[in-house]
Amino acid sequence: MNYLAHIYLSGDNDLVTVGNFIADGIKGKNYKNYQRDIQIGILLHRNIDTYTDAHKTVRLSTKRLHENYGHYSGVIVDILYDHFLAKNWSAYSSVPLAKYVDTFYDSLEDNYSALPSRIQKMMPYMISDNWLLSYASIEGISKVLDGMNRRTKNRSGMDKAVHELELFYKEFESEFSSFFDELIAFSSEKLKELNETIL
């Protein structure tokens with residue numbers, strides 16, 4: 001899953017959310033260098049990724065992209081699923097998306113010293129361009145895919161994937177909705193388990 005989903009699945013603890021958000025930049029056992037709640041967030045993120053990558057519904061989505069995007073298909077699906085979460089946000093949260101993401105940005109600023117340097121450098125752009133809120137529109141997702149393509153030195157062609165999003169919009173949205181309900185249940189159980197086992 002991409003940023004918005006990981007943040008949402010973290011629950012109400014700001015430090016768990018920060019840990020989940022920074023997890024891709026924390027390798028191996030380095031998560032143990034962080035305080036307990038951030039450790040829980042990092043481990044939750046890893047479990048979410050493992051569950052997502054193996055899920056049969058997600059694989060239906062990635063299969064649709066594989067011919068054109070190869071091993072980048074999973075990254076693209078993560079981004080597309082964040083679009084559907086943002087677009088349908090009111091089905092998952094009573095807090096308006098704009099307010100929710102502002103609260104998250106405040107939390108990042110409050111915990112700036114815990115962020116890896118890569119995230120510290122990225123954060124001002126994320127906030128000024130309001131990435132998380134922009135996910136709700138196809139235009140916003142198009143900009144994200146364009147940025148990801150530039151990060152691969154234009155090798156991935158991810159900027160063109162908005163074409164498949166528009167072409168198979170109903171299919172992707174249906175797969176997201178089916179999968180995300182299961183992911184919410186999985187993440188809730190995993191979070192409970194981590195809170196009981198991480199000392």
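For this chain, numbers begin at 1 and follow the sequence in order. Only a predicted model underlies this, so the values are computations on that prediction, with no experimental measurement involved.
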Donor on one side chain, acceptor on other, His6 and Asp49, under 3.5 Å: yes

Pair Thr52-Tyr81, side-chain donor/acceptor within less than 3.5 Å: no

Do Met126 and Leu132 have side chains that approach each other closer than 4.5 Å (heavy atoms only, starting at C-beta)? yes

Is any side-chain heavy atom of Ile22 closer than 4.5 Å to one of Ile38? yes

Minimal non-hydrogen separation, [X] against [Y], with atom names:
X: Ile138; Y: His83; value: N-CE1, 4.1 Å
X: Tyr69; Y: Ser156; value: CD2-O, 3.6 Å
X: Gly70; Y: Ser73; value: O-OG, 2.7 Å
X: Leu183; Y: Leu9; value: CD2-CD1, 3.5 Å
X: Ser187; Y: Leu44; value: O-CD1, 3.9 Å
X: Thr62; Y: Gly74; value: CG2-CA, 3.8 Å

Got a second to check how far Leu108's CG is from Met123's CE, nearest 0.5 Å? 6.0 Å

Distance check, rounded to the nearest 0.5 Å: Asn30 atom CG versus Gln39 atom CD? 11.0 Å

Taking Phe84 as the fixed residue, which of Phe172, Tyr169, Tyr135 is the one that meets the ring pair (Phe, Tyr, Trp, His ring centres under 6.0 Å) rule? Tyr169

Under 4.5 Å between side-chain heavy atoms, hopping through other hydrophobics if needed: is there a path connecting [X] to [Y]?
X: Leu80; Y: Ile184; result: yes
X: Ile119; Y: Val18; result: yes
X: Phe168; Y: Val162; result: yes

With no hydrogens and no angle check, is any side-chain donor or acceptor of [X] less than 3.5 Å from a backbone partner on [Y]?
X: Asp82; Y: Ala5; result: yes
X: Asn13; Y: Val16; result: yes
X: Lys170; Y: Leu167; result: no
X: Asn111; Y: Ser107; result: yes

Can you sort out the partners of [X] under side chain to side chain donor-acceptor pair (under 3.5 Å), two or more places apart, ordered by chain and number?
X: Asp146; answer: Arg150
X: Asn154; answer: Asn149
X: Lys160; answer: none
X: Glu182; answer: His55

Set out, in order, the CA-CA distance, both residues' side-chain angles and the distance that settles side-chain contact (heavy atoms from CB on, under 4.5 Å) for Ile141 and Leu145, then state yes or no. CA-CA 6 Å; Ile141 287 298; Leu145 290 167; 3.8 Å; yes

Sort and list the pairs that fulfil salt bridge (Lys or Arg N to Asp or Glu O under 4.0 Å) and have at least one residue in residues 86-112, not counting sequence neighbours. Lys87-Glu173

Result for side chain to side chain contact (heavy atoms under 4.5 Å, CB included) between Ile40 and one of Leu15, Asn20, Leu191 points to Leu191

With side-chain contact (heavy atoms from CB on, under 4.5 Å) as the criterion, how do Trp131 and Leu4 come out once you've worked through the C-alpha distance, each side chain's angles and the decisive distance to 0.1 Å? CA-CA 9 Å; Trp131 292 0; Leu4 184 60; over 6 Å; no

Partners passing salt bridge (charged side-chain N to carboxylate O under 4.0 Å, His left out) against [X] (at least two apart in sequence or in another chain):
X: Glu189; value: Lys192
X: Glu164; value: none
X: Arg59; value: none

Can you sort out the partners of Phe186 under ring pair (Phe, Tyr, Trp, His ring centres under 6.0 Å), two or more places apart, ordered by chain and number? Tyr51

Tyr34: ring pair (Phe, Tyr, Trp, His ring centres under 6.0 Å) partners, not counting sequence neighbours: none

With sequence neighbours left out, which residue pairs that include part of residues 90-119 fulfil the ring pair (Phe, Tyr, Trp, His ring centres under 6.0 Å) condition? Phe21-Phe104, Trp89-Tyr100, Tyr92-Phe180

More than 12 heavy atoms of other residues, nucleotides or ligands under 6.0 Å from CZ of Arg151: yes or no? no

Could you give all pairs that pass the side chain to side chain donor-acceptor pair (under 3.5 Å) test and reach residues 113-129, with sequence neighbours left out? none

Given side-chain contact (heavy atoms from CB on, under 4.5 Å), test Leu43 with Tyr31 step by step and report yes or no. CA-CA 8 Å; Leu43 294 174; Tyr31 76 91; 3.7 Å; yes

